[in-house]
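First the proteins, then the strands, lettered A, B, ... as listed; each starts at 1.
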Amino acid sequence: MKYPWLNGHKGTFAKILNKKSMKFKANLILILFAGSFLFSSCGQKKSDSESENQIDGEVKIDGSSTVYPITEAIAEEFRAEQPDIQVTVGVSGTGGGFKKFCRGDIDINDASRPIKDKEKTSCSEENIDFVELTVAYDGLAVVVNPENDWIDHFTVEELKKIWEPSAQGEITKWSQIRAGWPDEEFSLYGPGVASGTYDYFTEAIVGESGSSRGDYTASEDDNVLVQGISGDKNAIGFFGLAYFEENQDKLKLIPVKHEGEPVLPSLETVKSGEYSPLSRPIFIYVNRGAANRPAVKAFVDFYLEVAPELVQDVGYIPLPKDEYQKEKSEFENFVQTAKQ
Amino acid sequence: MTKLNQNRIIDSAFKYFGIFCTFFGLIVLAIFIFNILAEGLQRIDWDFLTNLPSRRPAKAGILTAWTGTAWILGLTAIISIPLGVAAGVYLEEYGKKNRLASIIEINIANLAGVPSIIYGLLGLEIFVRTLNFGGSLLAGAFTLALLILPIIIVATREALKAVPKSLREASFGMGATKWQTIWYQTLPAASGGILTGIILALSRAVGETAPLIVIGALAYVPFVATNPMDEFTVLPMQIFNWVSRPQHGFVVNAAAAIIILLLITFIMNGIAIYLRNKWQKKVNW
C-alpha cells in the first residue's frame, strides 16, 4: 500500500499516532521537517556546465504589474544565459516598488510611470542614486461594448468631459457627450486608483495625475474590466492595449482624436507616437550601487539587448531599434561614472 | 382546524426553505468546482508541477509556487504548534479563572476575527523590518503563525475542556504531579481535537495571500528555496498573478493551480477528519 494512512487502521502513520505517549508530536514535527526538506530538495537542478563568463549573484526586482510580463519574459530567457544568477520579480505596484527601491531593498524597480518628485526626495534622503531606462511603450485602449453602434471616435475633450472630477453626477448620459448620441446613461470602467495606468490616463486626459470622477467601476484586475464592458451595452472603459488584443471579439476599440484625424492604437501608431496622448513609455529604474554588481549589470545589458523581440512577444510595443541603442549607452555611461 | 392547517403549511414551508438553504451553498460550490475542473484539469501533468514560471502559458509551471507553499506550511507548523498548544494548556490547566483570564480569553477570540491583511502589516513591521528577516520564508511563516495562533489556542482549550475531570482526578489519585497528569493523560486524551484544530488552522494558512503580499512575497521566483531565509512565492500568489494576465492560457494555468491548491486543502481536511474519528473510537471514558 502506497498511502497506508488513507486506507486504514494499521498503517505506519497510524501506528506512530497510536503510541499512547506524546512522542507523536515530536514525530509529527519531524515529519513536517523531513517533508519540507524533501520538497525543497526535489527539482533542484544546478547546471555543472560553468563556462568562464558565467557569474553568480542575485538581482532583486519589484514594481508595476504592468511591466511584470516583460521583466518575467526577460528573466526567463536570462536564466538560459546565466543560470547562476537568481533573478526574482515582485509585483508591489509602481509606487510600492519605489518605496522599496528608495530604501535600498531592491536593485531594479519596474515602473509604468516616471518617478514622482516625492519619491525622488525620499531616494536622495537615503543616498540612492539611479538611472531611468525606457524599455517599451504601452498604448491605453479606450473600449466600448461591441453592440454600441453609434460611436465612431472619441475626442480628447470628450474623454475629459466624461472623466474629469466635476463630471461626477453631472455627465451621465451619452447625449451629454455629443449631440445625436442616445439619451441613455453610460457606465464607466477603469483600473483602480493605485495603478500606474490610472495615473497615466488621468494625467493625459484630465490634465492632472490621479484626478478623476469617483463613480466608476474600478478593478485592479483588468480581466474584470473586460468582463464588465463586454456584458454592458452602455459601457466605456480603458486599460492596457494587451488586454484588448486578447479579447478583440468581446470589445470594440475606439479611435481617439487629438489633433488631426482619429487614430486607432496599434503597434505602428503607438510606436510612431501618432496615437497621442494615450501611449506611454514604461521604465525600469536601476540603483547605482546595484549597477556596479556584475549580476545586475549583466541583467540590464541583456534586458536592453533582447527587449525588441520579447516586448512584442508579451503584448507590448518595443521602442525603435536606435532608441534601445541610446538607452544602452546611457546605462553604460551610468555604470562608468558610478565606478569612478 | 384552519389554525392547524396554517401551522402545517408554515412547517412544510420552513422545511423547503431549509432544504433550499442547504443546497444553495453546495450548488454554488459544485458549479465553481466543475468550472475549475473543466478549465484546468487538462493542464495538469508532471511538467506543470516541475516547470518554472514562464511567459508562455503552455510552458509555465508551479514548481516554485508549490514548494514555497510546502515550506511556508512546514515552518508555520513548527512555529505555531508549540506556541499555540502551550498557550492553550496554560490557559485551560494552569491559569486561574480571574478577570485577567477573561480579558485574555476575549482578546484571543477577537484576534481570531482580525482580517488577515492586518496581520500582514504587523508582520511587515515586526519581522520584515525590525527583526530584519526581509521578504523571506521565515518572515512569511511567522506572520501566518500569528494569524492561526488564536485558532490553535481555542481548539486546544476546547479539546482539553472535553477531557472528563475523572481522568485527571484518577491521575492525581495515583500520585501524579500536575505536569505528569497533563503530559501523560490529559494531552493524549485531547490530542484528536487538538490535531484537528491544528490541521484546520494550517489549511487556512495555505490559502492566505493578502498578508504574504504585504510582507513581500514575489511573483517570479526561478529557484526552489533551500533555507528559511530565501525569498519565495506561494500558490495563491501565482494564481492571483495568472488570473490578472490578458492571455487566456494563463487563466487555464490558474485553474490548474487552483485544483492543486484545493487538493492540498482537501487532503489536509481529510487527515483532520480521519484523526478525529480515530480518537473518538479509541478514547473511552
**Atom pair CD/CG of A:Glu58 and B:Asp230 - distance to nearest 0.5 Å** = 8.5 Å
**Prompt:** In terms of heavy-atom proximity below 4.5 Å to chain B, should A:Ile70 be classed as side chain, backbone, both, or neither?
**Reply:** neither
**Request:** Give a yes or no answer on whether the side chain of A:Glu76 reaches the backbone of B:Arg55 with a donor-acceptor pair at less than 3.5 Å.
**Result:** yes
**Prompt:** Quick one: what part of A:Phe244 sits under 4.5 Å from any heavy atom of chain B, side chain, backbone, both or neither?
**Reply:** neither
**Item:** Minimum heavy-atom distance A:Tyr68-B:Asn241, with the two atoms named
**Value:** CE2-ND2, 3.4 Å
**Fill in**
CD1 of A:Ile74 to OH of B:Tyr220, rounded to nearest 0.5 Å, is 11.0 Å
**Message:** Between A:Asp313 and chain B, with a heavy-atom cut-off of 4.5 Å, which part of the residue counts as in contact: side chain, backbone, both or neither?
**Reply:** side chain
**Request:** Measure the shortest side-chain to side-chain distance between A:Lys60 and B:Leu218 over non-hydrogen atoms and say whether it is less than 4.5 angstrom.
**Result:** no
**Prompt:** Among all residues two or more places apart in sequence or in another chain, which pass the ring-ring contact (aromatic ring centres under 6.0 Å, His included) test with A:Phe201?
**Reply:** A:Trp163, A:Phe238
**Message:** Quick check on the interface: out of B:Met237, B:Arg56, B:Arg245, B:His248, who has the most heavy-atom pairs with chain A under 4.5 Å?
**Reply:** B:Arg245
**Asked** Who pairs with A:Phe98 by ring-ring contact (aromatic ring centres under 6.0 Å, His included), at least two apart in sequence or on another chain?
**Response** A:Tyr285
**Fill in**
To the nearest 0.5 Å, atom CD of A:Glu220 lies from atom CZ of B:Phe240 at 8.0 Å
**Asked** Just by modelled atom types, is the B:Pro246 backbone N or O under 3.5 Å from a matching donor or acceptor in the A:Asp222 side chain?
**Response** no
**Item:** Contact winner vs chain B - A:Ser65, A:Gly96, A:Pro69, heavy-atom pairs under 4.5 Å
**Value:** A:Pro69
**Request:** Below 4.5 Å from any heavy atom of chain B, which atoms of A:Thr88 appear? Answer side chain, backbone, both or neither.
**Result:** both
**Item:** CD on A:Glu245 to CD on B:Gln247, rounded to 0.5 Å
**Value:** 9.5 Å
**Message:** Rounded at 0.5 Å granularity, tell me how far CZ in B:Phe223 sits from CZ in A:Arg79.
**Reply:** 9.5 Å
**Residue among B:Pro53, B:Gly270, B:Ala219 with most heavy-atom pairs under 4.5 Å to chain A** = B:Ala219
**Request:** Decide side-chain contact (heavy atoms from CB on, under 4.5 Å) for B:Val243 and A:Asp221; before the verdict, give the C-alpha distance in whole Å, the side-chain angles of both, and the deciding distance to 0.1 Å.
**Result:** CA-CA 8 Å; B:Val243 166; A:Asp221 179 354; 3.6 Å; yes
**Message:** Are there over 12 heavy-atom neighbours, none belonging to A:Lys100, within less than 6.0 Å of that residue's NZ?
**Reply:** yes
**Message:** Need one label for B:Leu49: side chain, backbone, both or neither, based on atoms under 4.5 Å from any heavy atom in chain A.
**Reply:** neither
